[in-house]
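Only one structure is covered here, and it is reproduced in the block below.
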Amino acid sequence: MRVPFLLLTALAATVGAVANGVDAAVAVGESAVPKTRLGSQIEGELNDAQRKEAERRRALDLREQALKAARLRLQRQQKEAEAKAAAEGKAAAEAGAPGAVDAAPPAEEKRYSDLARIFQAMKPAKAAPVFEKLSADVQFQVAQRMRERNAALMMQAMSPDAAATLGMALARGGMAQPKGAAATPAKPARSVSR
């Protein structure tokens, strides 16, 4: 019995293809390219970079959590301080304490602070006559918000009576006028020689 040559060639090709397929399947499981020093170094540096990035992310997450906690703590402390100040202000107002007269709403606080800034920007000799024309309570509130040096220069340029009245009010912590005494018009300011 004679086997045709074509059939033998087909059988040999099939066996070769199956052998190559098995060899390729084994090679896929392993690295097809052998590792070199450069490849190992690159892989190591990539792993280090990924590890450092993960550490940075963890650090940022921790900072963000700490910031949120600090913000909440600050808000809680601020609310507690506002509640305490409101309670003290209410208690002082009920008791009729002189400190209750000094308390001003936030809008007035801003106006007094703005006035203080304006008077501090002016030269004391020119600001004093204008300052003396303000009511005693406004003078006190504004002087309280001025820097000490500026307030001293302003009082130096004021008339002695007005400066004494303002000084006493600042020392007492408020403008308490005797009953029946009307606010006296301020005398013109004396000039300051330098």
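Any value given below was found using the heavy atoms of this structure, including those in side chains, with hydrogens, waters and symmetry copies removed.
Closest approach of V142 and F131 over heavy atoms only: CG1-CE1, 3.7 Å. Pairing each heavy atom of Q139 with each of M158, the nearest pair is OE1-CE, 4.3 Å. Scanning both residues, M146 and A116, for their nearest heavy atoms gives CG-CB, 3.8 Å. A157 and P124 make their closest contact through CB-O, 3.5 Å (heavy atoms, listed as atom of the first residue, atom of the second, distance). What you find for A143 and A151 is that their closest heavy atoms are O-CB, 4.4 Å.
The number of heavy-atom neighbours closer than 6.0 Å to CZ of R37, taken from other residues, nucleotides and ligands shown, is 12 or below. Atom CD of E53 has more than 12 neighbouring heavy atoms from other residues, nucleotides or ligands inside a 6.0 Å radius. Environment of CZ in R51: crowded, with over 12 heavy atoms of neighbouring residues, nucleotides or ligands closer than 6.0 Å.
Side-chain atoms of Q144 do not come within 3.5 Å of backbone N or O of L170 as any donor-acceptor pair.
To the nearest 0.5 Å, atoms CD (Q50) and CD (E55) are separated by 12.5 Å. A distance of 10.5 Å separates CE in M155 from CD in E132, rounded to the nearest 0.5 Å. Residue L166 holds its CG atom at 10.5 Å from CG of L134, rounded to the nearest 0.5 Å. Between the CZ atom in R145 and the CG atom in N150 there is a gap of 15.5 Å [rounded to 0.5 Å]. Rounding to the nearest 0.5 Å gives a distance of 11.5 Å between CG of L67 and CG of L60.
Considering only heavy atoms from C-beta on, E109 stays 4.5 Å or farther from Y112 through its side chain. V138 places a side-chain heavy atom less than 4.5 Å from the side chain of L115.
Salt-bridge formation is detected for the pair R117/D114: a Lys NZ or Arg NE/NH1/NH2 atom is positioned less than 4.0 Å from an Asp or Glu carboxylate oxygen.
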